Amino acid sequence: MGLKTGGPIIDLACGTGRATIPLARKGHHLIGVDTHSGMLDLAREKSMGLCQQI
């Protein structure tokens, strides 16, 4: 079980943000990482309405 320490959540292999974006919408600070730049581009497009940068 992970304990919340106040730091960011790092989503490795975040893809298009399927898990990252909903967590960010709930107010969590996220860092999404993926080796495929096309997937990150899609995640950025999908997250345009968020106050946080993903």
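Note: hydrogens, waters and symmetry copies are ignored here, and every other heavy atom, side chains too, is used. From a predicted model like this one, the values you see are computed outputs, not experimental measurements.
Contact annotation: the side chain of V33 approaches that of I10 to within less than 4.5 Å [non-hydrogen atoms, C-beta and beyond]. Using a 4.5 Å cut-off on side-chain heavy atoms (C-beta onward), K46 and T16 make contact. You'll find the side chain of L40 reaches within 4.5 Å of the side chain of C14, heavy atoms only.
Rounded to the nearest 0.5 Å, atoms CZ (R25) and OG1 (T20) are 11.5 Å apart. Atom CD1 of I31 and atom CG of D11 lie 10.5 Å apart (nearest 0.5 Å).
M48 and L42 fall into different hydrophobic clusters, where Ile, Leu, Val, Met, Phe, Trp and Tyr residues are linked whenever their side-chain heavy atoms come under 4.5 Å apart, directly or through other members.
Nearest heavy-atom pair across A43 and G15 is CB-O, 3.8 Å.
In this view, D34 satisfies the side-chain hydrogen bond (donor to acceptor under 3.5 Å, both in side chains) rule with no residue, not counting sequence neighbours. Residues satisfying the side chain to side chain contact (heavy atoms under 4.5 Å, CB included) criterion with R18, sequence neighbours excluded, are absent altogether.
Remark: side-chain polar atoms of H28 are not paired, donor with acceptor, to backbone N or O of L30 under 3.5 angstrom.
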